[in-house]
**Q** 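Sharing a structure below in structure tokens format, with a few things to ask.
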Amino acid sequence: MCRVSNLKGRDFLTVNDFTAAELMAILTFAQELKSSQKAGQAAALLAGKTLGMIFEKASTRTRVSFEVGMYQLGGYALYLNAADMQLGRGEEIKDTARVLSRYLDGIMIRTYAQRDVEELAAYADIPVINGLTDLLHPCQAMADLLTILEHKGKLQGVKVAYLGDGNNMAHSLLLACSKLGIDMAVASPAGYQPAADIVAAAQKNAQASGASVTLTTEPAAAVKAADVLYTDVWTSMGQEAEQSTRVKAFQPFQLNQRLLEQAKAEAIVMHCLPAHRGEEISEEVLEGPQSVVFAQAENRLHVQKAILAKLLA
Ligand code: CP
Ligand code: NVA
């Protein structure tokens with residue numbers, strides 16, 4: 001098994017901190033780890049290593065896949081609910097970072113502000129992994145790239161249509177796709193489009209990779225000739241007070257059979273989950289033959305093991 005370790009000691013705060021070659025190396029390593037795990041030949045690459053997992057928001061996939069991933073790599077993961085830590089009583093991030101660096105080999109954090117993750121990383125002398133912020137969800141985007149690669153056999157030239165909120169998921173996908181030569185069209189209602197600085201960064205990536213980045217308010221325009229249709233919740237964690245306004249604004253952006261029929265016949269349907277059936281995606285499409293959402297969820301495990309092994313081993 002090839003162990004590229006030139007990412008050792010790095011943080012994983014955004015896919016944009018990595019070159020296309022580094023992201024591809026992570027994906028290739030994830031494929032190797034996935035095959036060896038399925039063949040019952042898992043290597044204990046992180047024997048004796050510990051990962052602290054700080055959560056300020058709810059999680060099913062991220063918590064379980066990181067915890068199981070560390071176990072499969074021979075290491076150990078600690079679940080740290082931020083509300084139960086001194087962090088929840090006002091202890092400073094910079095102090096938490098330096099204390100945890102004395103005990104752990106890595107930190108995964110899910111929180112609200114990207115700048116809090118950046119501060120944690122700046123003060124920690126161990127790798128910090130972004131497990132979702134209001135701005136970004138880079139580990140999910142890596143699992144999504146792996147899933148697209150498995151189902152389409154390539155990344156360069158694939159077209160992804162993202163429907164709905166210009167949120168953390170849209171942002172990380174924009175950065176990841178544009179790095180790897182995937183064309184991406186985002187259809188969102190006016191006022192809910194991705195952040196301008198993220199779009200600018202994606203456009204810069206796209207110039208180098210040959211990809212295209214398109215923003216539209218027309219779902220039909222985005223899905224035309226798409227290989228991948230992707231959606232995410234209309235109300236992300238922390239936005240609950242806006243739910244009723246959002247449900248109204250996003251109604252025309254539901255990923256349903258009518259929209260799916262306007263994409264390529266062999267298009268796949270993706271969703272980072274959790275899903276809200278009848279809101280951003282119809283039951284029929286989520287459960288339909290083109291949906292790969294559970295294979296996508298599984299890939300969180302494999303791709304994060306690759307990230308962990310490269311950063312911590
Ligand atoms: N997709 C994702 O990050 O799921 P969780 O919120 O369950 O971790
Ligand atoms: N955009 C969603 C993703 C959940 C995995 C949220 O932030 O709640």
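Any value given below was found using the heavy atoms of this structure, including those in side chains, with hydrogens, waters and symmetry copies removed. Read the numbers this way: they start at 1 and go in the same order the structure lists the ligands and their atoms.
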**Q** Specify the closest pair of heavy atoms between Ala141 and Ala176, including all atoms of both residues, with the distance to one decimal.
**A** CB-CB, 4.1 Å
**Q** Using a distance-only test with no angle check, is there a side-chain donor-acceptor pair under 3.5 angstrom linking Glu280 and Thr231?
**A** no
**Q** Classify the side-chain pair Asn6/Glu22 by whether it contains a donor and acceptor separated by less than 3.5 Å.
**A** no
**Q** Decide whether Asp144 and Gln296 meet the rule of one side-chain donor and one side-chain acceptor closer than 3.5 Å.
**A** yes
**Q** Could you pull out every N or O of ligand 2 that sits under 3.5 Å from a protein N or O, with the distance for each pair?
**A**
{"residue": "ligand 2", "atom": "1 (N)", "partner": "Asn167", "partner atom": "ND2", "Å": "3.4"}
{"residue": "ligand 2", "atom": "1 (N)", "partner": "Asn168", "partner atom": "OD1", "Å": "2.8"}
{"residue": "ligand 2", "atom": "1 (N)", "partner": "Asp232", "partner atom": "OD2", "Å": "2.6"}
{"residue": "ligand 2", "atom": "1 (N)", "partner": "Ser236", "partner atom": "OG", "Å": "2.7"}
{"residue": "ligand 2", "atom": "7 (O)", "partner": "Asn168", "partner atom": "ND2", "Å": "2.8"}
{"residue": "ligand 2", "atom": "7 (O)", "partner": "Ser236", "partner atom": "OG", "Å": "3.4"}
{"residue": "ligand 2", "atom": "8 (O)", "partner": "Met237", "partner atom": "N", "Å": "2.8"}

**Q** Can you find a side-chain donor-acceptor pair between Tyr162 and Asn167 that sits under 3.5 Å?
**A** yes
**Q** Under the salt bridge (charged side-chain N to carboxylate O under 4.0 Å, His left out) definition, can you give me all pairs with a residue in residues 157-183, not counting sequence neighbours?
**A** Asp165-Arg246
**Q** Sequence neighbours excluded, which residues qualify as side-chain contact (heavy atoms from CB on, under 4.5 Å) partners of Glu119?
**A** Ile93, Lys94, Tyr123
**Q** Regarding Thr111 and Asp116, do their side chains bring together a donor and an acceptor under 3.5 Å, going by distance alone?
**A** no
**Q** I want to check something: taking the side chain as every heavy atom from C-beta on, are Pro274 and Arg61 in contact at a cut-off of under 4.5 Å?
**A** yes
**Q** Got the residues with a heavy atom under 4.0 Å of ligand 1, by chain and number?
**A** Ser59, Thr60, Arg61, Thr62, Arg110, His137, Gln140, Cys272, Leu273, Arg300
